[in-house]
Amino acid sequence: MESGRQRTLNPQGSVASPALANIYLHYCFDQWAHQWRQRHAHGQILFVRYADDIVAGFEHEADAQRFLVDLRERLERFALVLHPDKTRLVEFGRYAAERRAKRGLGKPETFNFLGFTHIRGRSRTGYFQLMRRTRRDRIRTKLRGLKVELQFRRHDPIPQTGAWLGQVLRGYFAYHAVPTNLRRLVDFRYHVLELWRQSLRRRSQKDSTTWTRMTHIAATFLPTPRVLHPCPDARFRVNHPRWEPSA
């Protein structure tokens with residue numbers, strides 16, 4: 001289940017917003033959800049929350065249905081409302097594709113969480129694999145921002161702009177370089193390089209900056225993406241060493 005709040009605790013984007021949301025939701029959600037799991041759940045349940053973004057995983061659909069109803073009632077006591085467009089039940093997990101196929105339905109739905117689109121996929125050996133891809137709308141927004149900034153830096157020396165872009169990419173990769181997302185990062189680097197090339201070509205009508213030259217410039221200043229984070233199951237085993245593998 002994926003959920004989001006409709007009413008914000010603090011202006012969205014504020015530095016204090018995540019901190020205030022964590023404090024407030026610790027009492028109105030975290031503690032309550034833990035008690036609900038102990039009292040009402042018939043299967044395994046997992047909660048993941050960052051500020052006011054929450055994903056809850058249920059072993060049984062009946063638990064998910066009941067939890068959603070009780071959660072709405074719980075939040076109403078605190079003058080909060082679930083966001084109607086971001087709150088939904090999604091059939092996901094290891095057996096979701098097979099179960100949906102038996103009912104004549106299509107592929108399992110995807111959901112967005114913390115800047116990634118989560119996809120029910122398969123590994124090269126055919127086993128279930130959680131695939132995370134950077135959201136396309138977030139990529140477009142980031143590229144638009146870089147395009148504007150490169151226009152202001154158009155006449156700066158190439159080493160200066162390259163040092164700045166290198167820092168931008170390293171910071172971007174540090175968050176997004178998760179397994180199954182490498183292709184998106186390679187494409188992102190390519191588009192950044194193309195924006196830089198367009199910016200350099202507009203410095204003069206006679207400029208003839210070629211892709212060959214840009215490739216050499218990129219090798220000097222722009223990092224190459226590589227996976228920096230472990231797979232979700234490896235990290236989960238570290239944080240929850242007693243969790244049953246079959247859950």
Problem set entry | Verdict with supporting geometry, F152 and W164, ring-ring contact (aromatic ring centres under 6.0 Å, His included) | CA-CA 13 Å; F152 288 104; W164 167 72; over 10 Å; no

Problem set entry | Working for ring-ring contact (aromatic ring centres under 6.0 Å, His included), residues F67 and F47 | CA-CA 12 Å; F67 180 81; F47 297 109; 5.3 Å; yes

What distance separates [X] [atom1] from [Y] [atom2], expressed to the nearest 0.5 Å?
X    : Y    : atom1 : atom2 : answer
T110 : R135 : OG1   : CZ    : 10.0 Å
T141 : R136 : OG1   : CZ    : 13.5 Å
N181 : T134 : CG    : OG1   : 3.5 Å
N112 : R133 : CG    : CZ    : 13.0 Å
F29  : D52  : CZ    : CG    : 11.5 Å
L193 : T215 : CG    : OG1   : 6.5 Å

Applying a strict under-4.5 Å side-chain criterion to I, L, V, M, F, W and Y, I'd like to know whether [X] and [Y] cluster together.
X    : Y    : result
F111 : I119 : no
V192 : V186 : no
F128 : M131 : no
V178 : Y50  : yes
L200 : V168 : yes

Exercise. Only one of I45, L46, D63 clears side chain to side chain contact (heavy atoms under 4.5 Å, CB included) with R37; which?
Worked result: I45

Problem set entry | Test log, rule salt bridge (charged side-chain N to carboxylate O under 4.0 Å, His left out), inputs E149 and R153 | CA-CA 6 Å; E149 183 64 25; R153 297 173 177 265; 2.9 Å; yes

Pairs of donor and acceptor atoms involving the side chains of residues 100-109, under 3.5 Å and at least two apart or interchain, shall be tabulated with distances.
from : atom 1 : to   : atom 2 : distance (Å)
R100 : NE     : G106 : O      : 3.0
R100 : NE     : K107 : O      : 3.4
R103 : NH1    : E91  : OE2    : 3.4
R103 : NH2    : E91  : OE1    : 2.6
E109 : OE1    : R88  : NH1    : 3.0

Might you point out which heavy atoms bring [X] and [Y] nearest each other, and give the distance in Å?
X    : Y    : value
L89  : A64  : CD2-CB, 4.0 Å
F113 : V48  : CE2-CG1, 3.7 Å
N22  : A51  : OD1-N, 3.5 Å
C28  : L75  : SG-CD2, 4.4 Å
L80  : L25  : CD1-CD2, 4.4 Å
L146 : F188 : CD1-CZ, 4.0 Å

For this session: Please say whether more than 12 non-hydrogen atoms of neighbouring residues, nucleotides or ligands are located less than 6.0 Å from OH in Y95.
Result: no

For this session: Might you confirm whether atom NE2 of H155 has over 12 heavy atoms from other residues, nucleotides or ligands at distances under 6.0 Å?
Result: yes

Tell me whether [X] contacts the main-chain N or O of [Y] through its side chain, where contact means a donor paired with an acceptor under 3.5 Å.
X    : Y    : value
R189 : L222 : yes
R120 : G93  : yes
H60  : A62  : no
H229 : A174 : yes
E59  : G43  : no

For this session: Taking the side chain as every heavy atom from C-beta outward, state whether R213 and I217 have any atom pair closer than 4.5 Å.
Result: yes

Exercise. Tell me, do L185 and V227 make a side-chain contact under 4.5 Å, heavy atoms counted?
Worked result: no

Exercise. Is the closest basic N to carboxylate O distance between D70 and R66 below 4.0 Å?
Worked result: yes

Exercise. With a 4.0 Å cut-off, would you call R49 and D53 a salt bridge?
Worked result: no

Problem set entry | Worked verdict on L228 versus Y175 for side chain to side chain contact (heavy atoms under 4.5 Å, CB included) | CA-CA 9 Å; L228 301 176; Y175 181 81; over 6 Å; no

For this session: Please report the C-alpha distance between I158 and W196 in whole Å, then the side-chain angles of each, then the deciding distance to 0.1 Å, and finally whether the side chain to side chain contact (heavy atoms under 4.5 Å, CB included) criterion is met.
Result: CA-CA 10 Å; I158 288 179; W196 192 10; 3.8 Å; yes

For this session: With sequence neighbours excluded, tell me which residues meet salt bridge (charged side-chain N to carboxylate O under 4.0 Å, His left out) with R202.
Result: none

Exercise. Can you list every pair that meets ring pair (Phe, Tyr, Trp, His ring centres under 6.0 Å) and has a residue in residues 206-227, with sequence neighbours left out?
Worked result: Y190-W211

Exercise. If you measure only the distance, is there a donor-acceptor pair under 3.5 Å linking the side chains of T161 and D156?
Worked result: no

Exercise. Just by distance, with hydrogens left out, do Q198 and E194 show a side-chain donor and acceptor under 3.5 Å apart?
Worked result: yes

For this session: Under the side chain to side chain contact (heavy atoms under 4.5 Å, CB included) rule, what do H34 and D30 come out as? Steps first, then yes or no, please.
Result: CA-CA 6 Å; H34 179 66; D30 293 347; over 6 Å; no

Exercise. Is the centre of the H176 ring less than 6.0 Å from the centre of the F116 ring?
Worked result: yes

For this session: Evaluate the side chain to side chain contact (heavy atoms under 4.5 Å, CB included) criterion for residues R132 and H118: first the C-alpha distance (whole Å), next the side-chain angles of each, then the deciding distance (0.1 Å), finally the verdict.
Result: CA-CA 5 Å; R132 292 174 291 172; H118 292 68; 3.6 Å; yes

